[in-house]
Amino acid sequence: MDGMTTGTTASTVTAEGLHREYGRGQAAVRALRGVSVAFAPGTFTAVMGPSGSGKTTLLHCLAGMDRPTRGTVRWGATEVSGLPERRLAALRRTRVGFVFQAFNLMPAMTVAQNVELPGRLAGTPPERARVLDALARVGLAGRERHRPAQLSGGQQQRVAVARALVARPPVLFADEPTGALDRATGHDILDLLPRASPPPVPTPPAGRRSNGWSGPGPSAPAPRARAASARRAGRAARRAAGR
Ligand SMILES: Nc1ncnc2c1ncn2[C@@H]1O[C@H](COP(=O)(O)OP(=O)(O)OP(=O)(O)O)[C@@H](O)[C@H]1O
Ligand SMILES: [Mg+2]
């Protein structure tokens, strides 16, 4: 991916001059070559490009799952690229959600246990009400005791979306979340993604933020406007995915 540049002020996620090289010398692959990009709160963005163009690499760098060779990633005012691994892992749980193409659910666990798992592994299991709310947001109320094998592919991906949303992160990344689904089911997931986000966790008043982080704040669109923009986002996402 070469020199992509978009920008806004007050962005939730910002990358500047991102480079990511795999390997060295003649075998080196330059997956990202100076990507600068910024995502504003309340927006929905599709990253498009041919296979091998660096989309997954970019998402992993933006989500703090991979480190760029050069350049910076910021979540709010926090510079992610320089953080030690433990701090990054702790921050990642509350700041970003990630949905993978393969749902990556644990087959022996119930739906609710799958949604709880990342928090439980980190020693901070989410409250039951949060789990049920996340499942309701993806249309799976009442399915919390089922196992993944008792659900359709689309429903399994909904569980993965609920798992990514349960900590109420301000940013949700999804890497080809419809890639393993049939067209109609993929359609449903793309419609769901911009609508499923819960309201952000309240942040302390300005001036008392420990790390400069700010959520959408008072300028966030009203629920009706948000629903309308979510519908537009769903249509845009379907167009982007060729559905
Ligand atoms: N771990 C790795 N080691 C070496 N090269 C890698 C690694 N991961 C990715 N690459 C290379 O980096 C480039 C970008 O890969 P990436 O997976 O980001 O592309 P993509 O746009 O997501 O492709 P697709 O649409 O097929 O998922 C490719 O040339 C790929 O071979
Ligand atoms: Mg990819």
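As the structure lists them, so they are numbered: ligands from 1, and atoms in each ligand from 1. Position 1 is the first residue of the sequence; numbering continues from there.
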Interfacing atoms of ligand 1 (cut-off 4.0 Å, heavy-atom, P50): 21 (O)
Single-linkage hydrophobic cluster L135~L172, side-chain heavy atoms < 4.5 angstrom: yes
Connected via hydrophobic side-chain network under 4.5 Å: L117 and L140: no
Heteroatom N/O/S of T56 within less than 2.8 Å of the Mg ion (ligand 2): yes
Closest protein heavy atom to atom 25 (O) of ligand 1, given as residue, atom name and distance to 0.1 Å: K55 NZ, 2.7 Å
Shortest protein contact, atom 26 (O) of ligand 1 (heavy atom only): S51 OG, 2.6 Å
Distance-only polar pair, side chains of T69 and Y22, donor-acceptor under 3.5 Å: no
Test item: side-chain donor near acceptor, T185 and D188, under 3.5 Å: no
F98-H60 aromatic ring centre distance below 6.0 Å: yes
Sub-4.0 Å heavy-atom contact, G52 with ligand 1: yes
Protein residue, atom and distance nearest to atom 18 (O) of ligand 1, heavy-atom basis: T57 OG1, 2.6 Å
Closest protein heavy atom (residue, atom, distance) for atom 29 (O) of ligand 1: V29 CG1, 3.6 Å
pair T110-E116: side-chain heavy atoms closer than 4.5 Å: no
Ligand 1 contact by R20, heavy-atom criterion under 4.0 angstrom: no
4.0 Å protein heavy-atom contact status of atom 31 (O) of ligand 1, strictly under: no
Ligand 1 contact by G49, heavy-atom criterion under 4.0 angstrom: no
Numbering as shown, the atoms of ligand 1 that approach A31 to under 4.0 Å (heavy-atom distance): 12 (O), 13 (C), 14 (C)
Q101 and D175, any side-chain heavy atoms less than 4.5 Å apart: no
Under-4.0 Å heavy-atom contact with ligand 1, by part of T56 that carries it: both
Heavy atoms of other groups near E127 CD, more than 12 under 6.0 Å: no
Taking atom 2 (C) of ligand 1 as the reference point, the nearest protein heavy atom with its distance: Y22 CD2, 3.4 Å
Distance-only donor-acceptor check, side chains T124 and R93, under 3.5 Å: yes
Contacting atoms of ligand 1, where contact means under 4.0 angstrom from a heavy atom of S53: 19 (O), 21 (O)
Linked, directly or transitively: V131 and L151 (ILVMFWY side chains, under 4.5 Å): yes
Protein contact of atom 27 (O) of ligand 1 - nearest heavy atom, named by residue and atom, plus distance: E176 OE2, 3.6 Å
